[in-house]
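Bear in mind that the values here come from a model prediction, so they are computed numbers and not experimental data. One is the number of the first residue; the rest follow in order along the sequence.
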Amino acid sequence: MAVLAALHQHPHADTETVIDLVRTDIGAVSHQAVYDVLRVLTDAGLVRRIQPAGATARYEARVADNHHHLVCRTCGEISDVDCAVGEAPCLTASDDHGFVVDEAEVVYWGTCPTCATASATASAHE
């Protein structure tokens with residue numbers, strides 16, 4: 001329950017962050033226990049595991065919809081973004097090769113406002 005609560009309060013947390021949050025909440029807990037709980041919650045569909053290219057795995061408790069993610073190339077911040085068009089899978093493949101598509105996973109890459117402001121400020125001082 002502490003792992004699930006941590007993910008509801010801190011979406012897109014990596015495993016180390018979840019371990020720290022759980023330890024703050026309930027005290028001593030092993031890394032393996034948290035890894036096991038994350039696996040069980042993911043398998044049960046209560047948690048979603050995402051892993052943008054080149055990033056560590058992150059976990060979130062928002063699983064009841066087909067949403068996408070924005071990822072900052074500079075700091076790695078991840079934000080949710082609702083489907084671009086309509087209901088899941090919200091995108092239509094140009095050729096589904098006979099698959100029955102029920103989900104589309106999109107990752108938007110860019111620079112978050114904080115990093116963009118920092119970059120602009122640094123450029124102005126050069």
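Linking Ile, Leu, Val, Met, Phe, Trp and Tyr whenever their side-chain heavy atoms come within less than 4.5 Å leaves Leu46 and Val63 in two separate clusters. There is a path of hydrophobic side-chain contacts, each under 4.5 Å, that joins Ile26 to Val37. Taken together through direct or relayed side-chain contacts under 4.5 Å among Ile, Leu, Val, Met, Phe, Trp and Tyr, Val29 and Val47 form part of one hydrophobic cluster. Under the 4.5 Å side-chain contact rule for hydrophobic residues, Leu4 and Val34 share a cluster.
The minimum heavy-atom distance between Glu77 and Ser79, with the atom names listed, is OE2-OG, 3.4 Å. Here the closest non-hydrogen pair linking His68 and Asp82 is CD2-O, 4.2 Å. Scanning all heavy atoms of the two residues, the minimum distance from Gly76 to Arg58 falls at O-NH2, 3.8 Å. Residues Ala2 and Asp25 come closest through the heavy atom pair CB-OD2, 3.6 Å.
Atom-to-atom distance recorded for Arg62:CZ and Ile50:CD1 is 11.0 Å, nearest 0.5 angstrom. For the atom pair CG of Leu21 and NE2 of His10, the computed distance is 4.5 Å after rounding to the nearest 0.5 Å. Between the CD1 atom in Ile19 and the CG atom in Asp14 there is a gap of 8.5 Å [rounded to 0.5 Å].
No more than 12 heavy atoms of other residues, nucleotides or ligands sit less than 6.0 Å from atom CD of Glu105.
With hydrogens and angles disregarded, no donor-acceptor distance shorter than 3.5 Å links the side chain of Gln32 to the backbone of Asp36.
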TODO: Go through the steps for His69 and His12 under the test side-chain contact (heavy atoms from CB on, under 4.5 Å), then give the verdict.
DONE: CA-CA 10 Å; His69 296 97; His12 312 122; 3.4 Å; yes
Open item on the list: As a quick check of understanding, evaluate side-chain contact (heavy atoms from CB on, under 4.5 Å) for Ile78 and Glu60, giving each step before the final call.
Closed with: CA-CA 11 Å; Ile78 300 175; Glu60 65 181 349; over 6 Å; no
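A salt bridge does not link Asp20 with Arg23: none of the charged nitrogens is closer than 4.0 Å to a carboxylate oxygen.
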Taking distance alone, no hydrogens or angles, what donor-acceptor pairs closer than 3.5 Å link side-chain atoms of residues 109-119 to residues at least two apart or in another chain?
unit_1	atom_1	unit_2	atom_2	d
Thr117	OG1	Pro113	O	2.9

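Across Leu7, Leu41, Val3, a single residue satisfies side chain to side chain contact (heavy atoms under 4.5 Å, CB included) together with Tyr59, and that is Leu7.
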